[in-house]
Amino acid sequence: MPTLCIAPLLDAFFRRRFAAAGLVEASVPLDGGTTTVHCWRFPPGADGVTDARPVLVLLHGFGPPATWQWRRQVGPLSRRFRLVVPDLLFFGGSSSTSEAARVSEAHQAEAVAKLVAAVVPAGAAARVSVAGTSYGGFVAYHVARLLGPGAVERVVIASSDLLKADADDRALLRRGGAERVEDVMLPRSPERMRRLLQLAYHRPRRYTPGFVLRDLVQYLYSDKVEEKKELIKGITLGNKDKFQLTPLAQEVLVLWGEHDQIFPIEKGFEVARKLGPNARLEVLKDTGHMPQEEDPKRFNEAILNFLLPAPKSSL
């Protein structure tokens, strides 16, 4: 009897949500074709037609591609922003044959910056905001530093421990019952997949059958595994020998789930302090590492209120 494969069905459903939000799928060649970034983006405007909505770049975390991680955001946010939602290198449809691209989240940021230059029309409206969750927050930080406030207006760092150190990794391994970070973040069995879901979500979920977990592992975690292991090893944030975190010149919103078990809430306070006087922390209660999924309404409202502040009264 054939086994029901639910992951491809979910994938098709999530892709339809992106299309329903008015986004179009594109594969953008960079670096002379050695790098290809797959993304969902706002449709190119017709000649002479100007879209005044600001640009927002959404960067996903470690794990499934962008369509799985931002599916609850693209509908509401696309009404107010021109969205650019890439798969980071070695996730989804994005890849590179460049050895440098395999090194760190800083190289991911360089690819994102080149993507923005390729798809966002030049001019007064070319300034963008960037939001990243978890590993995508690492990349968002580097994008903001790389391009500066002249190109990046505001930054959202969600569930992303920019100060991650070896002690934090050891604590994660204790919580995850694993020996290596890659065993937690790249599950290779239904049991490890179940544990990752328990770490990522705060509110209890219905029991997920083993065959569904096996299907998710096969569909989401079997591609470019060695490259993703190298990305984990190559993270520079938190490594004082490789990189020093400094405040950003842009306004920064740090969003964190109250019960995050991947990066505990205490780290959210530390990150906000380290990012300087332009940063503020907003804690989303009753959520874990994936507040954009557990409470998308509050998550989306927080982003909208931050990126589109009410105009100040002239009185």
Side-chain angles (χ1 to χ4, degrees), residues 15 18-19 21-45 51 53-71 73-74 77-78 81-158 160 224 227-228 231 234 248 250 303 307:
R15 290 166 62 87
F18 272 57
L23 303 182
V24 296
E25 197 171 3
S27 291
V28 181
L30 303 172
D31 300 330
T34 61
T35 296
T36 299
V37 175
H38 174 268
C39 69
W40 290 81
R41 54 159 297 188
F42 60 92
D51 189 338
R53 292 174 301 164
V55 176
L56 174 60
V57 181
L58 298 176
L59 302 177
H60 65 81
F62 218 89
T67 46
W68 287 65
Q69 297 196 38
W70 293 117
R71 65 187 187 275
Q73 281 64 57
V74 290
L77 295 182
S78 65
F81 298 96
R82 289 176 289 162
L83 294 180
V84 179
V85 194
D87 289 330
L88 296 174
L89 295 181
F90 308 116
F91 297 89
S94 296
S95 61
S96 179
T97 58
S98 169
E99 287 298 320
R102 301 169 187 265
V103 176
S104 72
E105 73 282 3
H107 289 92
Q108 295 273 17
E110 291 175 7
V112 171
K114 292 173 184 177
L115 172 70
V116 169
V119 303
V120 177
R127 203 165 176 226
V128 307
S129 291
V130 59
T133 179
S134 196
Y135 179 77
F138 299 172
V139 180
Y141 172 84
H142 280 285
V143 171
R145 267 187 46 142
L146 175 66
L147 296 181
V152 176
E153 183 175 8
R154 291 178 178 236
V155 184
V156 178
I157 303 291
S160 184
K224 305 183 184 78
E227 290 89 342
K228 290 171 183 173
L231 289 177
L248 291 175
Q250 298 92 339
I303 287 184
L307 296 180

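A quick note: this is a predicted structure, and the numbers were derived from the prediction, not measured.
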### Task
Using modelled atom types only, decide if a donor and an acceptor are shared between the side chain of Gln250 and the backbone of Ala144 within a distance under 3.5 Å.
yes
### Query
Do Phe62 and Phe91 make the cut of ring centroids closer than 6.0 angstrom?
yes
### Task
Starting at CG of Leu231, measure out to CD of Gln108 and round the result to the nearest 0.5 Å.
5.5 Å
### Message
Show, in sequence, the C-alpha distance, side-chain angles and deciding distance for Glu25 and Arg15, and conclude whether the salt bridge (Lys or Arg N to Asp or Glu O under 4.0 Å) test is met.
### Response
CA-CA 9 Å; Glu25 197 171 3; Arg15 290 166 62 87; 2.8 Å; yes
Would you be so kind as to tabulate the donor-acceptor pairs closer than 3.5 Å made by side chains of residues 129-139, with sequence neighbours excluded?
unit_1 : atom_1 : unit_2 : atom_2 : d
Ser129 : OG     : Arg154 : N      : 3.4
Ser134 : OG     : His289 : NE2    : 2.9

#### Entry: Validation row: Val128, Glu153 side chains within 4.5 angstrom (heavy atoms)
no
N/O donor-acceptor pairs under 3.5 Å from side chains in residues 83-90, not counting sequence neighbours:
unit_1 : atom_1 : unit_2 : atom_2 : d
Asp87  : OD1    : Ala66  : N      : 3.0
Asp87  : OD2    : His38  : ND1    : 2.9
Asp87  : OD2    : Gly93  : N      : 3.2

### Query
Rounded to the nearest 0.5 Å, how far apart are CD of Glu227 and OG of Ser96?
10.0 Å
### Query
Less than 4.5 Å apart, any side-chain heavy atom of Ser94 and any of Lys224?
no
### Query
So, do Phe81 and Arg53 sit near enough that their side-chain heavy atoms are less than 4.5 Å apart?
no
#### Entry: Residues which pass side chain to side chain donor-acceptor pair (under 3.5 Å) with Gln69, listed by chain and number, not counting sequence neighbours
none
### Query
So, does Ser78 use its side chain to make a donor-acceptor pair with the main chain of Val74 at under 3.5 Å?
yes
